[in-house]
Peer 1: 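After the structure tokens below, expect a handful of questions from me.
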Amino acid sequence: MQPYRFCPRCGAELEHLPMSGRFRHACVRDGCGFVHWDNPLPVLAAVVEYEGKLLLARNAAWPEKMFALVTGFMERDETPELGVARELKEETNLDAVSASLIGVYEFMRKNELIIAYHVRAEGDIRLSEELVEYKLVAPDKMRIWNAGTGFAVADFLERRGLPVRFFDRATGEDIADPRRPTDFSLASASLQYGINQN
């Protein structure tokens with residue numbers, strides 16, 4: 001998302017100022033004080049287990065052969081568990097029988113924070129207008145994309161002792177596991193004013 005240029009409260013041009021350890025777009029007009037924090041949006045993702053297989057879907061805007069998890073934005077006044085069940089129902093008509101947290105994953109490219117659940121589902125699949133097709137894949141046959149929700153699938157499979165095979169979407173070739181180790185030394189670097197000022 002492009003940063004705001006003008007204040008949505010008073011219309012004044014925003015300035016790029018250091019605030020709370022980062023540069024933020026803020027209104028300096030007296031009495032306003034608006035700050036565009038530009039925090040990541042929470043996105044819910046479902047690793048859907050249906051009839052012993054994992055359900056992947058293709059969005060109408062995506063190229064052929066590009067499939068991913070059922071995802072959607074969390075709504076106001078709902079828990080993540082209820083939100084992931086709602087998204088599943090809206091997109092596939094399936095009912096969530098259970099939802100258990102897999103993990104939380106960054107998706108910096110879109111400024112999103114993915115909250116991923118393993119969802120056991122039942123019912124008859126009927127896709128929404130957003131989705132054009134789906135496929136069911138045996139868990140031990142999964143090949144995983146190397147970003148965002150792909151890491152949730154990898155963690156789901158790994159915890160069940162199943163093979164974890166990543167592939168590069170551009171080439172289709174298998175690649176080494178790209179999940180990076182947790183390096184908390186990077187946290188202090190990101191709080192410096194010189195990082196991500198634009």
Peer 1: Can you classify the ring geometry of H118 versus F156 as parallel (below 30°), tilted (30 to 60°) or perpendicular (above 60°)?
Peer 2: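 Ring orientation, 0 to 90° scale: tilted.
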
Peer 1: May I have the step-by-step check of salt bridge (Lys or Arg N to Asp or Glu O under 4.0 Å) for R86 and E90, ending in yes or no?
Peer 2: CA-CA 6 Å; R86 174 191 49 76; E90 289 175 2; 3.2 Å; yes

Peer 1: Are R165 and D174 packed together at the side-chain level, in the sense that at least one heavy-atom pair is separated by less than 4.5 angstrom?
Peer 2: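 Side-chain contact under 4.5 Å: yes.
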
Peer 1: Surrounding CG of D124 (heavy atoms of other residues, nucleotides or ligands, distance under 6.0 Å), is the total greater than 12?
Peer 2: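 Open.
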
Peer 1: Would you say that L41 contacts F107 through its side chain, given a criterion of any heavy-atom pair below 4.5 Å between the two side chains?
Peer 2: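 They are not in contact (no side-chain heavy atoms under 4.5 Å apart), so the answer is no.
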
Peer 1: Is it the case that one hydrophobic cluster holds both L101 and V47, taking links as side-chain heavy atoms less than 4.5 Å apart, direct or via other members?
Peer 2: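 As far as the 4.5 Å side-chain criterion goes, V47 and L101 are not connected within one cluster.
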
Peer 1: Could you check whether atom CZ of R126 has more than 12 heavy atoms from other residues, nucleotides or ligands sitting under 6.0 Å from it?
Peer 2: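 Check fails, neighbour count at 12 or below.
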
Peer 1: Taking the side chain from E87 and the backbone from V84, do they hold a donor-acceptor pair closer than 3.5 Å?
Peer 2: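 No; judged by distance alone, with no hydrogens or angles, the pair does not exist.
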
Peer 1: Would you say N39 has more than 12 foreign heavy atoms packed within less than 6.0 Å of its CG?
Peer 2: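 Counting other residues, nucleotides and ligands, CG of N39 exceeds 12 neighbours.
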
Peer 1: Between R24 (side chain) and M19 (backbone), is there a donor-acceptor pair under 3.5 Å?
Peer 2: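 Yes, R24 side chain to M19 backbone: donor-acceptor pair under 3.5 Å.
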
Peer 1: Kindly work out whether a path of hydrophobic side-chain contacts (I/L/V/M/F/W/Y, heavy atoms less than 4.5 Å apart) joins V70 to V97.
Peer 2: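 No, V70 and V97 fall in different hydrophobic clusters.
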
Peer 1: Side-chain contact, heavy-atom cut-off 4.5 Å: V35 with C27?
Peer 2: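 In short, these two side chains do not touch, never coming nearer than 4.5 Å.
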
Peer 1: Under the salt bridge (Lys or Arg N to Asp or Glu O under 4.0 Å) criterion, do E13 and R29 qualify, and how do the steps go?
Peer 2: CA-CA 9 Å; E13 188 165 359; R29 183 175 280 177; over 6 Å; no

Peer 1: Side chains of Y50 and E122: any donor to acceptor distance under 3.5 Å?
Peer 2: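 Looking only at side-chain atoms, Y50 and E122 do not form any donor-acceptor pair under 3.5 Å.
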
Peer 1: Within the 3.5 Å criterion, strictly below it, is a donor on Y4 or D38 matched to an acceptor on the partner's side chain?
Peer 2: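 Per modelled atom types, Y4 and D38 side chains form no pair under 3.5 Å.
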
